[in-house]
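Below is one structure, written out as C-alpha cells; the observations come after it.
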Amino acid sequence: MTLRFEFRPYRAALREPLRTARGLRTERDGVLIRFTDENGATSLGEIAPLAEWGSETLDDAVAFCAALPAEFDAGQMRAIPDALPCCQFAFETALAALTRPAAPSPLRNLPIAALLPAGAAALKALEAAAARGYATFKWKIGVGPAAEEIGLLAHLFDRLPRGGRLRLDANGGLDLPSAELWLKACEGRPVEFLEQPFPVGREEAIIRLAHEYTTRLALDESVARPADLLRWLEFGWPGIYVIKPSLAGSPARLARRLLEYEAECVFSSALETAVGARAALLFAAAQVADERALGFGTVACFADEALNLHAPAPTIATKWLARLETGPLWDHCPNLLRTA
Ligand code: MG
C-alpha cells in the first residue's frame with residue numbers, strides 16, 4: 001500500500017510550566033505526520049520526542065521525515081530504526097488509524113490520575129481534584145527538601161477521598177537515605193507506589209528497597225528506552241513499569257513484550273497533543289485491563305486549547321476517544337510555528 005506522506009513540526013507553550021526534579025519545562029515541540037490514501041482518506045500521527053528521556057531528538061525526527069519520499073510504502077514501516085522510537089510510534093499508529101479506523105475496543109471508561117503540583121500547592125490541588133471525582137493523585141516529589149515534602153505528606157493523606165491513593169513521582173531526584181525516609185513515611189499509608197526514586201543507571205539499591213518495604217516501587221525513566229525496558233523485563237523487575245507508549249517504539253512490539261513478560265504496567269503520557277495522547281490512550285486501553293488509573297493528568301497541558309485532548313476529567317471513555325476527530329490539528333499546526 002502506497003500512501004502520501006507529509007509532516008509538520010510544531011512548538012507550543014504549556015499552559016503552566018511543569019516543575020519536576022529534572023527542572024522546569026515551559027514548552028514542547030514535536031512533529032505531526034499525515035498519511036493520505038488513494039481515496040483521499042487521511043490520518044495523523046505524532047512524534048513527541050523527549051530526548052532527555054533517551055528518545056531521539058526533535059532534529060533526528062525531522063531529519064528522518066525530511067529524508068522520506070512523499071510516497072510512503074507501508075512496507076517501509078519495519079525499516080524505521082530502533083534509534084527512532086517516537087517515529088516508530090507515530091508511523092505505526094497513523095497507519096493503524098488509516099487501515100483500522102477506530103473501533104473502540106474494548107469499551108471502557110479509563111480512570112485518569114490527577115497530577116498535583118510539587119510542594120505545598122499540592123494540598124489545594126488535591127482538594128479540588130477530589131471534589132471533581134478523582135481517586136488517584138500523582139505528586140511530584142524530590143523537588144524541595146525531603147523533610148519539608150515529607151511534612152506535607154500527612155496533610156495530603158488527610159485530604160484524600162475515601163478509597164483515594166497517592167502516587168509519588170521522584171523523577172530520579174532521591175538518594176538512598178531520602179528514598180528510605182520516604183518509604184518509612186509511606187508504610188501502611190494509601191500510597192499506590194513510589195516512582196523512579198533514583199536516576200537512570202543508579203538503581204542498584206532499588207531491588208533491596210522493593211523487598212524491604214511494603215510500598216510498591218515503579219520505574220519510569222529507567223524503562224523509557226525500549227532496550228532498557230527489555231533489560232528490566234528480562235531481569236524480572238518485581239515492581240511496576242510506567243510505560244509512555246509514545247516513547248516506547250513500535251506499539252505492536254511493545255504490546256507483545258508486555259504480554260509475554262506479564263509486566264504490571266501503568267501507562268502514562270509524554271506531553272503529547274491530542275493526536276499522540278489519543279493514540280497512546282487507545283493503546284493503553286487495549287492492553288490487559290486492570291483498574292489502575294492512567295498517568296494522563298497532562299491531557300490539557302497546552303496553553304492553546306485546540307491542542308488539548310480533553311478537559312481534565314477523572315475518566316475518559318474509549319468510545320469517545322475512538323470517535324475523536326484530530327484531523328483539524330493538521331491545519332492548526334502552522335499557526336503554532338508562527339506563534340512559538
Ligand atoms: Mg514519572
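In each ligand, atom 1 is the first atom listed, and ligand 1 is the first ligand listed.
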Original post:
Quick one: which of Ile206, Val200, Ile243 gives a side-chain contact (heavy atoms from CB on, under 4.5 Å) with Leu219?
Top reply: Ile206

Subject >> Identified side-chain contact (heavy atoms from CB on, under 4.5 Å) partner of Trp330 from the options Thr42, Val275, Leu32, Ile33 >> reply: Leu32

Restricting to N, O or S atoms, which atom of [X] is closest to the Mg ion (ligand 1)?
{"X": "Asp169", "answer": "OD2"}
{"X": "Glu195", "answer": "OE2"}
{"X": "Asp220", "answer": "OD2"}

**OP:** Count the heavy atoms belonging to other residues, nucleotides or ligands that lie under 6.0 Å from CZ of Arg159, then report whether that count exceeds 12.
**Re:** yes

Original post:
Once the angle between the rings of Phe72 and Phe91 is folded into 0 to 90°, is it parallel (under 30°), tilted (30 to 60°) or perpendicular (over 60°)?
Top reply: tilted

